[in-house]
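Here the structure is a predicted model, which means the values were calculated and not measured. Naming convention: chains lettered A, B, ... in sequence-line order (proteins, then strands); numbering from 1 in each chain.
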Number of protein chains: 2
Amino acid sequence: MLQERLLETAIDHFGRFGFEGASTRHIAQASGTAMSSITYHFGGKQGLYLAAADHIAKCLSERHKPALEGLGRDATADAAITAEQATERLLFMLDTLADTMLHPDSESWARFIVREQQEPTEAFERLYRGAMHMLLEGTLRLMALVRPDMTERELRAQAALFLGMTLVMRTARASVTRVLGVETISPDEAALLHAQLRKSALSILKGPSA
Amino acid sequence: MLQERLLETAIDHFGRFGFEGASTRHIAQASGTAMSSITYHFGGKQGLYLAAADHIAKCLSERHKPALEGLGRDATADAAITAEQATERLLFMLDTLADTMLHPDSESWARFIVREQQEPTEAFERLYRGAMHMLLEGTLRLMALVRPDMTERELRAQAALFLGMTLVMRTARASVTRVLGVETISPDEAALLHAQLRKSALSILKGPSA
DNA sequence: GTCTATACTACGATAGAC
DNA sequence: GTCTATCGTAGTATAGAC
């Protein structure tokens with residue numbers, strides 16, 4: 001499908017070269033079509049950019065659906081979850097997120113998203129509403145069940161730090177490979193990062209061992 | 001000084017628009033000079049880009065000098081540090097790094113660096129050698145003193161996660177402000193993030209409370 | 001729907017005046 | 001050292017053929 005092909009090429013090019021640096025000519029050529037197809041299907045460069053953001057949001061939310069299943073539909077359902085269950089679900093969600101960050105697919109998404117994080121445009125709004133919001137609020141709900149002693153503010157700050165521990169595997173990939181002393185992240189290193197993330201999250205969730 | 005002005009404008013523009021998207025014309029104009037000054041002083045667009053990376057590395061390493069003082073000069077000096085002292089120094093280093101991430105100066109640096117992390121070029125090499133290497137290896141040295149039970153591999157993975165918890169304040173700023181429910185990070189939110197980072201780091205360093 | 005052809009603007013590099 | 005002027009290339013958008 002031509003539109004799909006254009007979208008995926010667009011995500012790659014916009015992520016690599018930025019909005020201004022990317023060229024509709026190159027995107028069209030790499031998708032095996034003429035530049036004017038972009039005008040026809042997406043209305044222009046800007047339209048293609050926003051459509052690319054929507055596409056990423058859809059892929060991301062698809063990927064994390066299992067980890068969010070049945071969460072936040074209503075307060076009574078959430079209240080039935082025990083602290084132990086919430087902890088296990090939280091670890092599963094972090095695992096899923098880490099999987100995404102270590103998965104090759106996320107490379108082009110990340111380049112796109114990271115740019116939007118630094119200099120948010122309307123595309124970030126679409127990414128947030130389309131995928132991130134669900135993920136963050138789900139995490140918060142679970143954290144509140146595990147740590148009823150923490151204030152809402154503390155929970156939100158901690159959620160940001162949890163996010164950082166997983167995002168770093170993608171957003172600072174070059175530094176992570178250096179500190180691990182490897183060229184690329186092999187399944188071995190992926191397992192190591194997963195395990196260390198799990199241990200750290202558990203330590204944090206259990207709180208300071210007075 | 002013209003060169004300094006050009007460098008700072010260059011960091012801002014390259015960070016915002018990427019290497020291809022940035023325009024030497026605009027950089028020169030915003031610095032109040034002619035485009036050919038860039039050719040004269042830096043040899044061209046590429047030369048300016050690399051000089052910008054060096055400039056960031058210098059600023060970064062200057063900023064974290066106090067936290068790294070007297071570390072890693074020789075093994076005997078490090079061995080004299082107790083676990084408690086090492087913990088305190090590690091927390092101080094994380095605090096300093098978080099300060100940098102929350103400081104306005106790091107906004108333009110971050111845009112530049114984050115691009116290089118995704119798609120490393122020679123500029124990343126300069127950033128790493130000029131600043132990041134020192135910081136990461138110093139962190140590792142201290143972590144090894146606090147947790148002699150952890151393997152080298154585990155320590156390195158954990159260092160990456162620590163890095164993530166601080167970097168997120170800058171690299172995913174747009175998401176962090178959303179999850180905190182604020183427009184910008186005020187001193188209040190900065191203090192909250194600092195405190196939560198400290199608590200989390202301590203929990204991780206103490207290990208699972210069996 | 002998809003292509004080619006074209007209009008217009010902006011890019012980086014460089015030569016030469018001062 | 002810093003400027004203006006110019007060259008060749010490449011960008012987006014658009015009109016019109018098929």
Round to a whole Å and report the spacing from CD1 of A:I38 to C1' of D:dA13. 12 Å
Using atom types as modelled, flag every donor-acceptor pair under 3.5 Å from a side chain in residues 159-171 of chain B to any protein atom, sequence neighbours excluded.
{"from": "B:T166", "atom 1": "OG1", "to": "B:L163", "atom 2": "O", "distance (Å)": "2.9"}
{"from": "B:R170", "atom 1": "NE", "to": "B:M101", "atom 2": "O", "distance (Å)": "3.0"}
{"from": "B:R170", "atom 1": "NE", "to": "B:S106", "atom 2": "OG", "distance (Å)": "2.9"}
{"from": "B:R170", "atom 1": "NH2", "to": "B:M101", "atom 2": "O", "distance (Å)": "3.3"}
{"from": "B:R170", "atom 1": "NH2", "to": "B:H103", "atom 2": "O", "distance (Å)": "2.8"}
{"from": "B:R170", "atom 1": "NH2", "to": "B:S106", "atom 2": "OG", "distance (Å)": "3.2"}
{"from": "B:T171", "atom 1": "OG1", "to": "B:L167", "atom 2": "O", "distance (Å)": "3.2"}

Just checking, is any N or O donor in the side chain of A:E183 or A:T177 under 3.5 Å from an acceptor N or O on the other one? no
Just the rounded figure in Å: distance from C1' of C:dG12 to CD of B:Q46. 13 Å
Send over the distance from B:Y49 OH to C:dG12 C1', rounded to a whole Å. 17 Å
Short N/O separations, protein against nucleotides 2-4 of chain D, under 3.5 angstrom:
{"from": "D:dT2", "atom 1": "OP2", "to": "B:H41", "atom 2": "NE2", "distance (Å)": "2.5"}
{"from": "D:dC3", "atom 1": "OP2", "to": "B:T33", "atom 2": "OG1", "distance (Å)": "2.3"}
{"from": "D:dC3", "atom 1": "OP2", "to": "B:A34", "atom 2": "N", "distance (Å)": "2.8"}
{"from": "D:dC3", "atom 1": "OP2", "to": "B:S37", "atom 2": "OG", "distance (Å)": "3.4"}
{"from": "D:dC3", "atom 1": "N4", "to": "B:S36", "atom 2": "OG", "distance (Å)": "3.0"}
{"from": "D:dT4", "atom 1": "O4", "to": "B:S36", "atom 2": "OG", "distance (Å)": "3.2"}

Heavy atoms only: give me the nearest B:A80-B:Q85 pair and the separation to one decimal. O-OE1, 4.1 Å
What residues form a side chain to side chain donor-acceptor pair (under 3.5 Å) with A:H133, not counting sequence neighbours? none
Whole angstrom value for the distance that separates P of C:dG1 from CE of A:M1: 11 Å
Return yes if some donor-acceptor pair links the side-chain N/O of A:S31 with the main-chain N/O of A:T33 below 3.5 Å, else return no. no
Do any pairs count as a salt bridge (charged side-chain N to carboxylate O under 4.0 Å, His left out) and have a residue in residues 4-14 of chain A, sequence neighbours left out, and if so which ones? A:D12-A:R16, A:D12-A:R111
Rounded to whole Å, the CG-P distance (B:L48 to C:dC11) equals 15 Å
Selection: residues 5-30 of chain A, any non-hydrogen atom under 4.0 Å of DNA chain C: none
Check for a donor-acceptor pair, side chain of A:R89 on one end and backbone N or O of A:A67 on the other, with a separation under 3.5 Å. yes
Pairs in or reaching into residues 17-46 of chain B: which pass salt bridge (charged side-chain N to carboxylate O under 4.0 Å, His left out), with residues at least two apart or in two chains? none
